[in-house]
Amino acid sequence: MFGTVAAGTKWSDATWTPSLALDLEGGTQLILTPKTEDGDPITSDQVNEAIRIIRQRVDASGVAEAEITSQGGQNIVVALPGSPSEETLDLVRRSAQMRFRPVLVEAGPGQIDPAQLAAAQEQATDPSAVDPGAVDPGTVDPTDTATDPATDPATEETTEPAADGVVRGTVGTTGTEVTTPPSEEPTEEPAEEPTATSYTQEEIEAAAMTASDTNGDGVLSDEPTAEPTSASDQAWITEQLTYDFYMLDCTDPANLVGGGGDDPDAPLVACADDGTAKYILGPMEIAGTEISSASSGLQVTESGTVTNDYVVNIEFTSEGGEKFATVTERLASPEQQANGTNRFAMVLDGLVISAPSVTEKIPSGEAQISGSSANPFTRDQATALANQLNFGALPITFEVQSEEQISATLGTEQLERGLLAGLIGLILVVIYSLIQYRGLAVVTVASLVVAGSLVYGVIAMLSWVQGYRLSLPGVAGLIVAIGITADSFIVYFERIRDEVREGRRLDAAVEEGWKRARRTILASDAVNLLAAIVLYFLAVGGVRGFAFTLGLTTIIDLIVVMLFTHPMVQLLTRTKFFGEGHRLSGLDPEHLGATVSAYKGRGRFRSAEERMSIAERRRRDAEVAAESAASPEPAEDSPDDPGGSADESVTSATAKDGEK
Amino acid sequence: MANFAKFGNELYSGKRSFDIVGHRRRWFAIAIGLIVLSGLLVGIRGINPGIEFRGGSEFTVSGTSNPDPQLAQDALAEVNSEQVARVTTVGSSAIRVQTEELTDTETSELADLLAEAYDVPAGDVTSSFVGPSWGADVTAKAVQGLVIFLVLVTLVMALYFRRWSMAIAALIALLHDLVITIGLYAGVGFEVTPATVIGFLTILGYSLYDTVVVFDKVRENTEGVLDQTRYTYAEAANLAVNQTLVRSINTSVVGLLPVASILFVGAFLLGAGTLRDIALALFIGMLFSTLSSIFIATPMEVVLRQRDPKIAAHTAKVLELRERRVAEAEEVGLSADEVLAGSRAGGLVAGRHLGQGAQPRRRAKR
């Protein structure tokens with residue numbers, strides 16, 4: 001085990017110290033309870049999807065090592081190290097919405113490339129006459145790798161948005177496969193030459209300005225040039241929007257934060273959630289709440305045969321179905337088909353999760369999304385998309401249950417003091433067992449050390465493999481475990497002593513005592529383990545960390561007692577010191593009051609005199625002789641003084657025992 | 001500790017014996033008294049809920065040289081004049097300010113004011129917010145866990161000991177421990193936080209653990225108790241308690257030492273916090289668990305077992321035989337004590353043939 005961790009430290013990112021939970025390391029912890037608007041119960045799928053969304057937001061906002069977990073299947077715990085900004089916290093607390101918007105323009109993820117723009121301007125006779133929707137986006141078309149300074153031409157295919165597919169009605173499906181994104185203009189041909197030069201932000205801004213300022217007045221207008229007639233109308237694209245679009249860099253993770261907050265009635269510039277494309281989208285057409293359900297599965301054709309392609313089936317509510325029919329009718333119209341804007345985007349939390357094209361009107365309120373022929377859905381992709389759609393169908397808001405900031409200094413202090421407490425406890429236990437068990441205390445201490453290092457190793461390994469974090473209640477659990485582990489040894493030693501008291505020889509006593517102690521240890525540890533397991537699965541928060549360490553130490557306690565303590569005691573009884581019951585060994589038979597059996601047989605018992613060993617009798621006689629010699633008067637038979645015996649030495653106390 | 005070992009020897013052999021089972025009425029009366037008292041304390045004084053159960057905002061200012069509560073009150077008055085803060089000193093240089101729920105802007109405002117008032121950098125003021133239902137959620141989960149655990153553990157114990165009486169007696173002892181611990185919390189007026197609830201839950205495990213060890217000895221001693229006439233069931237159980245008494249004392253001392261050190265470190269060096277909350281609950285609970293495994297669990301088990309007609313008949317038979325023997329002895333002129341003392345010798349579990357193991361060891365040839 002330690003070898004594994006050692007290997008981990010060398011070749012992977014394992015460390016020798018276990019990672020610490022927030023209450024020890026310092027940071028901010030938010031506990032959120034997801035709530036649906038209509039108070040429906042929340043499924044675990046939805047909680048997982050909510051966690052995914054929060055994780056995307058947090059990861060994209062650049063917070064490292066955030067830990068987002070569900071707790072008890074209901075609450076979501078977001079643990080952020082350090083003291084995150086108010087914006088980050090807001091981001092976490094915000095709810096996520098899903099909206100369907102028509103795609104007006106799509107392009108590769110990078111910012112506008114000034115060189116390419118210049119080339120385009122050279123080619124075009126009148127740049128200012130270029131319509132932003134029809135031509136300009138072509139210069140940043142996804143198939144054009146030159147727009148992305150960071151990528152080389154080899155990635156040409158992969159930059160094509162993967163989420164694109166076809167949406168069809170589930171009944172009567174025909175229609176061509178995915179349509180290509182906006183047509184490639186001849187103007188971009190010269191730009192195909194590799195331009196790996198990177199540009200300064202100013203140059204890019206200037207280029208974006210030139211490209212988007214269509215009327216050449218130097219001011220970015222926020223007003224559409226004409227009143228848009230439908231959500232798919234290119235007139236939605238204002239100069240400002242074009243500028244934003246050119247400037248948006250979807251390869252930068254900071255732009256994949258999402259976070260919603262988009263105005264449903266306004267057009268939107270958005271990235272694909274995987275950062276492979278960016279879009280100008282029209283206003284919302286259908287809200288996510290109008291989806292009644294979504295599922296994924298293999299495609300079933302009209303004839304009822306099952307193909308090998310994975311698809312996502314969406315079912316709308318009756319109202320949503322009507323809207324969807326209207327939208328698809330418009331999108332499937334010949335003119336939309338012709339200019340390539342027959343697609344709608346599903347926007348979840350401000351990011352486009354899928355943008356399929358529509359080839360026909362879908363009146364039934366049931367639609368099917370399939371992957372493009374070049375890039376079919378995998379099963380996981382289809383499931384993920386269906387989950388996202390279901391999440392959009394029931395938007396959940398987060399109620400903040402608790403928000404806690406722990407300063408790093410306070411956490412460190414708590415950990416140091418906790419460890420100090422553990423050390424003091426351990427020393428006290430060692431001292432006590434030395435007094436009680438003398439030589440056997442060596443076994444206790446060695447076993448505790450073995451148990452301690454095993455626990456440490458397991459925790460270090462778990463924090464590497466499983467991402468386990470040690471929390472303050474966990475530390476408390478470990479400290480309590482010292483006592484419970486030591487108890488196993490006490491039960492064992494007491495049983496051995498009992499057997500010695502019965503008059504067994506030491507090695508026999510160890511075997512016999514072990515047999516009986518094992519039963520007790522197994523039974524009591526089973527109870528402990530049961531408690532730990534029940535608490536772990538049912539409890540929330542700190543209780544869990546506590547239950548985990550309790551269960552872990554119980555198992556390790558068993559292992560140590562079985563595989564270390566008992567064999568060690570067996571070995572020690574072969575040594576002279578322990579095996580012959582030295583006074584300090586803790587197994588001294590006289591000290592333990594081992595006597596000749598009181599039972600003689602046939603219902604008769606030995607008298608006290610008979611039960612004394614020869615040595616005891618001699619010693620008694622010597623004492624009597626000494627006393628009679630010391631005192632002028634003849635001494636009584638024996639100094640029968642039970643009260644006084646308490647302060648005397650071991651041997652004389654035992655001698656008197658025998659006489660009583 | 002020679003005396004302690006001797007004490008153990010005498011307890012083991014039955015030379016010295018505390019009649020724990022015989023005085024069961026006394027222990028039950030004390031236990032009932034304590035439980036009633038705990039009930040009254042909880043009823044009258046009530047449990048002091050921590051911020052996790054009340055809901056509200058909490059600020060911790062660490063590293064200040066002047067932990068004066070009034071400064072916090074003044075700062076709060078500036079932000080929200082209607083509220084009164086609960087201010088506690090944590091350790092020597094930190095204070096904790098608890099208020100009712102504040103809005104986000106009020107929270108950051110108060111944090112700044114506190115940093116200013118106590119002359120610490122803004123990073124040393126941390127704030128937390130707890131919704132009122134959070135603690136209740138934890139408790140609801142804990143209670144759910146408790147019930148499931150109790151059902152499971154009753155089954156496990158009933159299977160292991162093959163007797164319902166032991167499982168039930170262990171449960172009664174457990175409830176006794178929990179009620180008294182909660183009562184003490186109400187009495188002392190310590191805050192009940194989720195950490196305290198963790199402590200309570202651990203008592204469950206520990207109390208049962210302790211009782212199982214004692215009951216295992218009782219089971220061993222009372223195996224085949226019906227086949228002999230020297231001891232009644234109650235006496236055999238009492239001997240078991242006495243025989244494990246040294247273990248119980250050692251175990252509880254060893255178990256309590258680390259907890260006491262957490263409590264000490266928590267209470268005196270850290271002030272209010274998770275460690276102290278857990279440690280106090282554990283300390284009280286473990287102490288009472290040990291006591292109840294001796295004074296409540298076994299006597300209760302004997303009471304339950306004596307309802308069994310077989311055991312009752314056996315007890316009557318043993319007592320009758322004993323009376324007859326005493327009467328016979330008195331006729332001869334011996335005192336009753338001598339006769340009875342003789343009958344208490346020897347272990348209860350018969351030895352078995354050890355075979356070769358009983359032979360002297362041969363010296364290793366060199």
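All chains are named by letter (A, B, ...) in the order of the sequence lines, taking the proteins before the strands, and each is independently numbered beginning at 1.
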| query | Are A:I424 and B:F264 side-chain neighbours, meaning at least one heavy-atom pair lies under 4.5 Å? | reply | no

| said: How long is the straight-line distance from CD of B:E220 back to OG1 of A:T520, given to the nearest 0.5 Å? | reply: 7.0 Å

| Ignoring hydrogens and geometry, is there a side-chain-to-backbone donor-acceptor pair from A:S524 to B:V213 under 3.5 Å? | no

| query | Using a cut-off of under 4.5 Å for heavy-atom pairs, which of A:G425, A:A532, A:A486 has the most such pairs with chain B? | reply | A:G425

| query | Taking all atoms of both residues into account, what is the closest heavy-atom pair of B:L257 and A:Y432, and its distance? | reply | CD1-CB, 4.0 Å

| Do A:S433 and B:V254 come within less than 4.5 Å of each other through their side chains, counting heavy atoms only? | no

| What's the verdict on side chain to side chain donor-acceptor pair (under 3.5 Å) for B:Y209 and A:D525, showing C-alpha distance, side-chain angles and the deciding distance? | CA-CA 7 Å; B:Y209 175 91; A:D525 274 355; 4.6 Å; no

| field | Under 4.5 Å from a heavy atom of chain A, the part of B:L282 involved | value | side chain

| field | Residues B:R247 and A:D487 bridged, charged N to O under 4.0 Å | value | yes

| request: Using non-hydrogen atoms and a 4.5 Å limit, figure out which bit of A:S488 sits close to chain B: side chain, backbone, both or neither. | output: both

| said: Return the CZ to NZ distance between A:R495 and B:K217, rounded to the nearest 0.5 Å. | reply: 4.5 Å

| remark: Taken to the nearest 0.5 Å, the spacing of B:T251 OG1 from A:F489 CZ works out to 12.0 Å

| task | Select one option (side chain, backbone, both, neither) describing which atoms of B:V253 are under 4.5 Å from chain A's heavy atoms. | result | side chain

| request: Please round to the nearest 0.5 Å and tell me the distance separating atom CG of B:L256 and atom CG of A:L428. | output: 11.5 Å

| Quick one: CG on B:N250 to CD1 on A:I435, what's the gap to the nearest 0.5 Å? | 10.5 Å

| task | Drop me the distance from B:L152's CG to A:I533's CD1, to the nearest 0.5 angstrom. | result | 9.5 Å

